[in-house]
*Asks:* 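Sharing a structure with you now.
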Amino acid sequence: MNGELPLKGVKVLDFTRVIAGPYCTLLLGDMGAEVIKVEEPGKGDDARKLGPPFVRGESSYFLSFNRNKKSIALDLRASEGKRLVHALAAQMDVVVENFRPGVGKRLGIDYETLKGINPRIICCSISAFGHTGPFREEPGYDVTLQAFSGTMSLTGEPGRAPVKIGIPIGDLAGGMFSAYGIVNALYARQQTGKGQFLDLSLFDAQLSLLSYLGGRYLMGGIVSQPVGTGHPNLVPYQAFPTRDGHLVVAIFTEDFWDQFCRIIGRKELLEDSRFLNNASRVRHREELVPLLEETLRTRTSTEWCEMMKGMPVAPINAVDQALQHPQALAREMVVPIEHLHCGEIQVLGNPVKLEAVWGNRFDPPPRLGEHTREVLASYVGCSQEEMATLEKESVLQSVIPKEILPEVEPKKLL
């Protein structure tokens with residue numbers, strides 16, 4: 001079934017870079033919003049230089065976060081650049097930026113300035129600690145936010161040094177919450193006719209993800225500690241070594257515990273008073289886990305998964321195994337895109353499968369300044385002569401310097 005994407009007609013002016021902000025606007029673009037990405041001439045989003053790998057000079061890092069966007073290159077510090085941005089903002093629904101608090105005001109893209117131009121504008125500002133509080137001006141990156149929020153204190157093996165989560169969860173969560181907040185603000189505007197300011201703190205987002213572990217402290221005074229792949233409230237619920245790798249077992253109910261013990265040939269554990277229910281298994285974790293490890297080492301991960309089909313068990317796949325799995329492919333979570341400069345690249349799909357619009361929009365990530373002239377002519381009415389003059393004055397850029405995109409052989413990301 002093919003219908004119109006739900007955010008079709010929503011226009012977004014995007015001043016973000018690297019991950020948190022670009023992930024937010026990627027999610028909006030996937031659902032049909034027109035996203036106009038504003039970048040610095042001659043430089044662009046910092047992610048354009050992060051690598052390897054590069055595909056014909058384009059960073060896979062940038063390509064991963066910037067599909068379904070148009071790139072314009074404008075100097076916001078130049079008065080003429082600011083004028084053009086304000087002319088664009090007058091026709092936008094949403095503005096997203098991820099500068100430190102105060103930078104947006106200096107650039108003339110803060111909410112107070114823009115709502116004077118467009119009272120219906122929704123401005124989302126993504127920053128490390130938000131616009132209030134004693135840390136509002138402090139910088140923050142994914143790893144520092146994982147540390148500061150308590151997330152890193154929970155990650156890793158007991159007694160070992162703390163480690164960060166392998167994906168940039170601090171940035172990604174901020175991007176998801178920003179998109180969620182923007183959609184809520186758009187819905188509210190339908191009722192009131194007014195725009196509003198969305199102050200999104202990456203620190204706040206990380207604290208919210210503490211979820212039940214935060215609740216353990218707030219309601220029980222328990223400061224959770226790292227348990228590796230284990231669970232503080234469930235046993236067995238962790239990774240176990242097998243003959244050829246590792247297998248995760250997630251026993252959530254007593255029925256599963258009964259099936260599990262019978263399948264692995266350890267029915268005697270069902271009669272052991274130490275392991276009769278989950279509460280007793282949690283108390284006797286140190287005694288039970290070695291017994292299960294001894295048994296699970298006797299077969300391969302694949303053999304155990306076949307024997308326990310229909311139960312909550314899984315091999316620990318590497319990234320390539322996960323992305324090439326038939327389930328990932330059936331769910332369109334790996335999507336080919338034809339890029340004008342790179343050729344065919346592959347990107348991750350969108351997990352939101354709306355019944356009316358199965359199959360999301362996937363336009364290729366833009367080259368730096370690829371849409372500058374198109375957007376300024378369409379939205380602001382700039383003539384080609386005017387834009388040529390501004391380009392000579394370095395106020396805008398519409399041609400990509402060769403030094404930014406060296407010619408190399410194309411290479412698929414997967």
*Asks:* Should E112 and K115 be marked as a salt bridge (Lys or Arg N to Asp or Glu O under 4.0 Å) after you check the CA-CA gap, both sets of side-chain angles, and the distance that decides it?
*Replies:* CA-CA 6 Å; E112 291 302 316; K115 76 174 181 179; 3.6 Å; yes
*Asks:* Is the shortest side-chain heavy-atom distance between V12 and E34 below 4.5 Å?
*Replies:*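 V12 vs E34: side chains apart.
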*Asks:* Evaluate D244 against T242 for side-chain hydrogen bond (donor to acceptor under 3.5 Å, both in side chains), listing each step before the verdict.
*Replies:* CA-CA 5 Å; D244 64 344; T242 63; 3.2 Å; yes
*Asks:* Count the heavy atoms belonging to other residues, nucleotides or ligands that lie under 6.0 Å from CD of E286, then report whether that count exceeds 12.
*Replies:* no
*Asks:* Calculate, to the nearest 0.5 Å, the distance between atoms NZ and NE2 belonging to K37 and H371 respectively.
*Replies:* 13.0 Å
*Asks:* If every non-hydrogen atom of I167 is compared with every non-hydrogen atom of L172, which pair is closest and at what distance?
*Replies:*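 Of all heavy-atom pairs spanning I167 and L172, the closest is CD1-CD1, 4.3 Å.
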*Asks:* How long is the straight-line distance from CD1 of I121 back to CG of L114, given to the nearest 0.5 Å?
*Replies:* 6.0 Å
*Asks:* Are E386 and R83 close enough for a salt bridge, meaning some N to O gap below 4.0 Å?
*Replies:* yes
*Asks:* Counting distance only, does the side-chain N/O of R136 pair as donor-acceptor with the main-chain N or O of A128 below 3.5 Å?
*Replies:* no
*Asks:* Who are the side-chain hydrogen bond (donor to acceptor under 3.5 Å, both in side chains) partners of H325, not counting sequence neighbours?
*Replies:* none
*Asks:* Run the side-chain donor-acceptor check on residues 210-218: report pairs under 3.5 Å with partners two or more places apart or on a different chain.
*Replies:*
unit_1 : atom_1 : unit_2 : atom_2 : d
S211   : OG     : L209   : O      : 3.3
Y212   : OH     : H231   : NE2    : 3.3
R216   : NE     : S224   : OG     : 2.9

*Asks:* Considering residues at least two apart in sequence or located in another chain, which fulfil the side-chain hydrogen bond (donor to acceptor under 3.5 Å, both in side chains) criterion with H246?
*Replies:* none
*Asks:* Is a side-chain donor or acceptor of Q225 paired with a backbone partner of L154 at a separation under 3.5 angstrom?
*Replies:* no
*Asks:* What heavy-atom pair brings L323 and L329 nearest, and what distance separates the two atoms?
*Replies:* O-CD2, 3.7 Å
*Asks:* If you compare all heavy atoms of F99 against all heavy atoms of G104, which two are closest, and at what distance to 0.1 Å?
*Replies:* CB-N, 4.5 Å
*Asks:* Once you round to the nearest 0.5 Å, how far does NE2 of H86 lie from CG of L76?
*Replies:* 9.0 Å
*Asks:* Aromatic rings H341 and H339: how do their planes relate, parallel, tilted or perpendicular, breaks at 30° and 60°?
*Replies:*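 Taking H339 first and then H341, their aromatic rings stand perpendicular (interplane angle over 60°).
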*Asks:* With no hydrogens and no angle check, is any side-chain donor or acceptor of T229 less than 3.5 Å from a backbone partner on Q238?
*Replies:*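 Checking the backbone N and O of Q238 against the side chain of T229, no donor-acceptor pair under 3.5 Å is found.
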*Asks:* Please test Q397 against T372 for side-chain hydrogen bond (donor to acceptor under 3.5 Å, both in side chains), starting from the C-alpha separation and ending with a verdict.
*Replies:* CA-CA 7 Å; Q397 177 187 338; T372 301; over 6 Å; no
*Asks:* Can you tell me how far OH of Y141 sits from CD of Q146, rounded to the nearest 0.5 angstrom?
*Replies:* 15.5 Å
*Asks:* For atom CD of E137, decide whether the heavy atoms of other residues, nucleotides or ligands shown that lie under 6.0 angstrom number more than 12.
*Replies:* no
*Asks:* Counting N and O atoms only, with roles assigned by atom type, does the side chain of S71 sit under 3.5 Å from a partner on the main chain of G369, one being a donor and the other an acceptor?
*Replies:* yes
*Asks:* Mind running side-chain hydrogen bond (donor to acceptor under 3.5 Å, both in side chains) on T302 and T300 for me, showing each step along the way?
*Replies:* CA-CA 5 Å; T302 300; T300 67; 4.8 Å; no
*Asks:* To the nearest 0.5 angstrom, please state how far the CG atom of L396 sits from the CG atom of L74.
*Replies:* 6.0 Å
*Asks:* Looking at every heavy atom in both N317 and A322, which two are closest together, and how far apart are they?
*Replies:*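 Looking at all heavy atoms of both residues, the shortest contact is CB-N, 4.0 Å.
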*Asks:* Determine whether a donor-acceptor pair (N or O, by modelled atom type, separation under 3.5 Å) exists between the side chain of E58 and the backbone of L63.
*Replies:*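 Between the backbone of L63 and the side chain of E58 there is no qualifying donor-acceptor contact (under 3.5 Å).
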*Asks:* Residues two or more places apart in sequence or in another chain: which of them pass side-chain hydrogen bond (donor to acceptor under 3.5 Å, both in side chains) with D204?
*Replies:* S201
*Asks:* Can you give me the closest heavy-atom contact between D110 and K105, atom names plus distance?
*Replies:* OD1-CA, 3.5 Å
*Asks:* Would you sort out whether D363 and K70 count as a salt bridge (Lys or Arg N to Asp or Glu O under 4.0 Å), showing the intermediate values?
*Replies:* CA-CA 9 Å; D363 292 335; K70 295 179 177 179; over 6 Å; no
*Asks:* What pairs with S208 under side-chain hydrogen bond (donor to acceptor under 3.5 Å, both in side chains), at least two apart in sequence or on another chain?
*Replies:* none
*Asks:* Show the atom names and distances, to 0.1 Å, of all donor-acceptor pairs under 3.5 Å that link a side chain in residues 14-27 to residues at least two apart or in another chain.
*Replies:*
unit_1 : atom_1 : unit_2 : atom_2 : d
D14    : OD1    : T16    : N      : 2.8
D14    : OD1    : T16    : OG1    : 2.5
D14    : OD2    : T25    : OG1    : 2.9
R17    : NH1    : N98    : O      : 2.7
R17    : NH1    : N98    : OD1    : 2.6
T25    : OG1    : G21    : O      : 3.3
T25    : OG1    : P22    : O      : 3.2
T25    : OG1    : K69    : NZ     : 2.8

*Asks:* At their closest point, which heavy atom of V380 faces which heavy atom of L88, and how far apart are they?
*Replies:*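 The answer is CG2-CD2, 3.8 Å.
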*Asks:* Side chains of H284 and L288: does their closest heavy-atom pair fall under 4.5 Å?
*Replies:*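 No, too far: nothing below the 4.5 Å cut-off.
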*Asks:* Start with the C-alpha gap between R48 and S59, add the side-chain angles, then the distance that decides, and say whether side-chain hydrogen bond (donor to acceptor under 3.5 Å, both in side chains) holds.
*Replies:* CA-CA 5 Å; R48 288 186 180 274; S59 162; over 6 Å; no
*Asks:* Yes or no on salt bridge (Lys or Arg N to Asp or Glu O under 4.0 Å) for E287 and R281, after CA distance, side-chain angles and deciding distance?
*Replies:* CA-CA 9 Å; E287 299 155 73; R281 292 195 295 274; over 6 Å; no
*Asks:* Can you tell me how far apart CD (E370) and CD (E39) are? Round to the nearest 0.5 Å.
*Replies:*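 Taking CD in E370 and CD in E39, the distance rounds to 10.5 Å.
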*Asks:* Do L5 and L354 have side-chain heavy atoms sitting under 4.5 Å apart?
*Replies:*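 They are not in side-chain contact.
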*Asks:* When the aromatic ring centroids of F135 and F203 are compared, is their separation below 6.0 Å?
*Replies:*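 Ring-ring flag for F135/F203: false, centres at least 6.0 Å apart.
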